[in-house]
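The block underneath contains the structure these notes are about, expressed in structure tokens.
In what follows, chains carry the letters A, B, and so on, assigned in the order in which the sequence lines appear, proteins first and then strands, with residues in each chain numbered from 1.
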Amino acid sequence: MSCPDVPFYTRHTSIVARDLVGKKLVRTIKKDGSNYRLAGIIVETEAYGHNDDAASHAYMGITRRNSVMFSEVGRAYVYFTYGNHYCVNVSARSKKIEAGAVLIRGIEPVEGIEIMRQFRPVDNIFSLSSGPGKLTQALNINSILNGADMTDLQSELHIESVRKPENIVSTPRIGITKAAEKSWRFIDTSSPFVSRKLQLKIQ
DNA sequence: CGCTCGATATTCT
DNA sequence: GAATATCGAGCGA
């Protein structure tokens, strides 16, 4: 097993976002004295940029919240939003850009599903991790993990390479008003574990 | 099914 | 004060 490395994340975030679809998001966790692996295949992502992207948290420059977007690439950027939910990103950027990240919007649960259900008790498996706020709850991701190294197999939160991407299309991003014309959302059309029922708009 | 709306922390104006 | 990279309950068709 291997992890996407620093060069993988040292590219334009729209490229990284596309290539993260099909990889595995892994959360290792200690619970009741035992170690567990919670994991899912990434099926939906969004790219965020820097000065070029008015919808990005990094658009206005560095702040305490977004500092991970300006740090080493391949790190977890976890933030709290709407007073209710966490969202998890991976920092990434091409060489001439100073900041960026890829938001993970949906995963298909494959390991530790029963533990996920303890963190997020829902009957419908399609609602367990099909959304940015849902998957952070199911994997018990919070601001403690902000800055975690996603390129390290030993990290509590990391990404593993498992298969080649397939059936990926791009669409406009969800829930933003600025820079809405950018098609920087990437989804695996063969997966039913995608939030908001596809909103395809294939061009 | 689809739409509206409340919850409610953090950041920015 | 207003806006926000969200979610789920409640309502009507």
Side-chain angles (χ1 to χ4, degrees), chain A residues 9 12-18 20-21 25 40 42-71 73 75-93 97-107 109 116-148 150 157 159 169-188 192-201:
Chain A
Y9 296 104
H12 194 279
T13 49
S14 64
I15 305 294
V16 177
R18 186 197 63 197
L20 280 175
V21 176
L25 180 66
I42 297 172
V43 298
E44 177 177 0
T45 63
E46 280 177 2
Y48 287 89
H50 182 215
N51 293 326
D52 57 330
D53 183 11
S56 173
H57 286 171
Y59 184 63
M60 303 297 269
I62 191 168
T63 65
R64 188 158 68 198
R65 177 175 67 162
N66 69 16
S67 64
V68 174
M69 293 181 77
F70 292 79
S71 75
V73 299
R75 302 302 173 104
Y77 169 39
V78 181
Y79 69 90
F80 192 58
T81 190
Y82 288 105
N84 288 286
H85 306 285
Y86 291 97
C87 292
V88 62
N89 302 245
V90 192
S91 62
R93 78 187 73 95
I97 305 290
E98 294 176 11
V102 174
L103 172 68
I104 299 174
R105 292 190 54 90
I107 63 173
M116 290 188 207
R117 283 196 204 273
Q118 291 178 21
F119 291 120
R120 178 174 163 75
V122 292
D123 293 331
N124 187 351
I125 186 84
F126 296 110
S127 183
L128 184 57
S129 56
S130 58
K134 299 180 189 179
L135 72 91
T136 52
Q137 186 184 1
L139 299 184
N140 195 31
I141 293 171
N142 53 52
S143 53
I144 294 172
L145 290 169
N146 191 46
M150 306 279 273
L157 185 65
I159 288 171
V169 301
S170 63
T171 81
R173 294 175 291 184
I174 302 295
I176 61 168
T177 54
K178 301 166 193 162
E181 79 287 354
K182 285 178 164 48
S183 286
W184 281 2
R185 173 175 177 248
F186 300 87
I187 59 180
D188 180 349
F193 295 85
V194 172
S195 65
R196 298 240 194 155
K197 305 209 169 155
L198 296 190
Q199 301 195 2
L200 283 185
K201 260 195 197 172

Next item on the list: Pick base, sugar-phosphate or nothing for A:Gly83, based on heavy-atom distances below 4.0 Å to the nucleic acid.
Entry: base

Note to self: Heavy atoms from C-beta onward define the side chain here; which of B:dC12, C:dT6, B:dA7 lies closest to that of A:Asn84?
What the structure shows: B:dA7

Notebook entry, point to check: Between C:dA5, C:dG8, B:dC12, which nucleotide gets closest to the side-chain atoms of A:Leu103?
Noted result: C:dA5

Notebook entry, point to check: Can you tell which of A:Leu103, A:Ile141, A:Leu135, A:Val78 makes a side chain to side chain contact (heavy atoms under 4.5 Å, CB included) with A:Cys87?
Noted result: A:Leu103

Check: Between C:dC7, B:dT11, C:dT4, which nucleotide gets closest to the side-chain atoms of A:Arg65?
Finding: B:dT11

Check: OP1 or OP2 of C:dC7 sitting under 4.0 Å from any side-chain N/O of A:His85?
Finding: no

Notebook entry, point to check: In whole angstrom, what separates A:Gln137's CD from C:dC7's P?
Noted result: 10 Å

Notebook entry, point to check: Would the number of heavy atoms belonging to other residues, nucleotides or ligands and lying under 6.0 Å from CG of A:Asn124 be above 12?
Noted result: yes

Margin query: Heavy atoms from C-beta onward define the side chain here; which of C:dT4, B:dT13, C:dA5 lies closest to that of A:Tyr82?
Written below: C:dT4

Margin query: Just to be sure I understand the rule, does A:Phe80 reach a base, reach only the sugar-phosphate, or reach nothing, if contact means heavy atoms closer than 4.0 Å?
Written below: sugar-phosphate

Next item on the list: Measure from CE on A:Met60 to C1' on C:dA2 and round the result to the nearest Å.
Entry: 14 Å

Next item on the list: Assess the pair A:Tyr86 and A:Tyr79: is the distance between their ring centroids shorter than 6.0 Å?
Entry: no

Next item on the list: Please say which of A:Arg173, A:Lys182, A:Arg93 ends up in a salt bridge (charged side-chain N to carboxylate O under 4.0 Å, His left out) with A:Asp53.
Entry: A:Arg173

Notebook entry, point to check: Are A:Thr177 and C:dT4 close enough that a side-chain N or O sits under 4.0 Å from OP1 or OP2?
Noted result: yes

Next item on the list: Can you tell me the distance, in whole Å, between the CD1 atom of A:Ile62 and the P atom of B:dT11?
Entry: 13 Å

Next item on the list: Measure from the side chain of A:Pro132, starting at C-beta and using heavy atoms only, and say which of C:dT4, C:dA5, C:dC7 lies closest.
Entry: C:dC7

Next item on the list: Whole angstrom is fine here: how far is it from CD1 in A:Ile174 over to P in C:dC7?
Entry: 11 Å

